[in-house]
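Working notes for the structure below.
Quick note: numbers below take in every heavy atom, side chains included, and nothing from hydrogens, waters or symmetry partners.
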Amino acid sequence: EVQLVESGGGSVQAGGSLRLSCAASGFSFDDYAIGWFRQAPGKEREEVSCISRRDDVTFYTDSVKGRFTISINNAKNSVYLQMNSLKTEDTAVYYCAADPVLCRYGNLETFSPDYWGQGTQVTVSS
């Protein structure tokens with residue numbers, strides 16, 4: 001059974017940092033890309049970052065480049081999203097997702113990854 005469990009969300013002031021974790025089970029990072037999405041109230045889902053070991057690809061949406069870093073911890077079967085210099089506009093529910101072609105098609109509104117986590121709230125205050 002595939003499971004994705006996010007943790008690490010919370011409240012922080014602008015300029016602060018958080019690290020989100022996505023604990024994965026039931027599949028291999030060699031076969032599946034892992035990505036982070038976010039959705040703020042009243043806004044559409046946005047792909048924030050993606051990493052694919054199979055395709056040797058790492059993706060960041062423009063608004064987080066230079067501030068966020070995605071990484072894989074093989075020993076803990078987890079994917080992290082290190083978020084630095086947080087801004088109020090980063091406030092959203094963050095979800096991790098897994099799909100073999102996530103890094104290729106994750107930015108398409110109609111794309112539905114195979115697996116989703118339950119989400120974790122990130123709130124950045126000014």
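- Annotation for P113 and L102: closest pair CG-CD1, 3.7 Å, computed over non-hydrogen atoms.
- Expressed to the nearest 0.5 Å, how far OG of S71 lies from CD1 of I51 amounts to 7.0 Å.
- Under the 4.0 Å criterion applied to side-chain N and carboxylate O atoms, K87 and D90 are not assigned as salt-bridge partners.
- Y60 and V101 end up in different hydrophobic clusters when Ile, Leu, Val, Met, Phe, Trp and Tyr side chains are linked at under 4.5 Å.
- A heavy-atom distance below 4.5 Å is not found between the side chains of F68 and S49.
- Taking CD from Q82 and CG from L18, the interatomic distance works out to 8.5 Å, rounded to the nearest 0.5 Å.
- Using a 4.5 Å cut-off on side-chain heavy atoms (C-beta onward), F29 and N77 make contact.
- Using a distance-only test at 3.5 Å, with no hydrogens or angles considered, a donor-acceptor pair links the side chain of N73 to the main chain of A75.
- A40 and T91 get closest at one heavy-atom pair: CB-O, 3.6 Å.
- Heavy-atom contacts from other residues, nucleotides or ligands closer than 6.0 Å to CG of D56 number 12 or fewer.
- Proximity of I70 to T58: side-chain heavy atoms (C-beta onward) are separated by under 4.5 Å at one or more points.
- Side-chain N or O atoms of S85 include none that pairs as donor or acceptor with a backbone N or O of R67 at under 3.5 Å.
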ask   = Given D55 and R104, is the side chain to side chain contact (heavy atoms under 4.5 Å, CB included) satisfied, shown in steps?
value = CA-CA 9 Å; D55 295 336; R104 289 185 228 168; 3.4 Å; yes
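- By the 4.5 Å heavy-atom criterion applied to side chains, E46 and S63 are counted as neighbours.
- Using a distance-only test at 3.5 Å, with no hydrogens or angles considered, no donor-acceptor pair links the side chain of Q39 to the main chain of Y94.
- Taking the six-membered ring where the residue is Trp, Y95 and W116 present perpendicular rings, their angle passing 60° and hence far from 30°.
- In this structure, CZ in R38 is found 9.5 Å from CG in L81, a value given to the nearest 0.5 Å.
- Smallest separation of non-hydrogen atoms from C96 and L4: SG-CB, 3.7 Å.
- Within a 6.0 Å radius of CZ in F27, other residues, nucleotides and ligands contribute more than 12 heavy atoms.
- When the side chains of ILVMFWY residues are joined at heavy-atom separations under 4.5 Å, either directly or via intervening members, V124 and W36 end up in a single hydrophobic cluster.
- For the residue pair R53 and N74, a side-chain donor N or O sits within less than 3.5 Å of a side-chain acceptor on the partner.
- R54 and D31 are not joined by a salt bridge, as no carboxylate oxygen comes within less than 4.0 angstrom of a charged side-chain nitrogen.
- Considering only heavy atoms from C-beta on, M83 stays 4.5 Å or farther from R19 through its side chain.
- Cluster annotation: F59 is not connected to Y115 through the hydrophobic network of ILVMFWY side chains, with a link wherever side-chain heavy atoms come within less than 4.5 Å.
- With D114 contributing its side chain and A98 its backbone, the two residues share no donor-acceptor pair below 3.5 Å.
- No continuous path of hydrophobic side-chain contacts links V122 to V5 [ILVMFWY only; heavy atoms under 4.5 Å].
- Remark: the backbone N or O of G9 is paired with a side-chain donor or acceptor of T120 at under 3.5 angstrom.
- Judged by distance alone, the side chain of S78 and the main-chain N or O of K76 form a donor-acceptor pair under 3.5 Å.
- When hydrophobic clusters are built by joining Ile, Leu, Val, Met, Phe, Trp and Tyr residues whose side-chain heavy atoms come closer than 4.5 Å, directly or via intermediates, V79 is not grouped with F37.
- S52 is not listed as a side-chain neighbour of Y32, based on a closest heavy-atom distance of 4.5 Å or more.
- Judged purely by atom type and a 3.5 angstrom limit, E6 uses its side chain to pair as donor or acceptor with the backbone of Q118.
- Using a 4.5 Å cut-off on side-chain heavy atoms (C-beta onward), Y105 and D99 make no contact.
- What you find for S17 and N84 is that their closest heavy atoms are OG-OD1, 2.9 Å.
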task = Tell me, with the steps shown, if Y80 and L20 meet side chain to side chain contact (heavy atoms under 4.5 Å, CB included).
result = CA-CA 6 Å; Y80 303 131; L20 304 184; over 6 Å; no
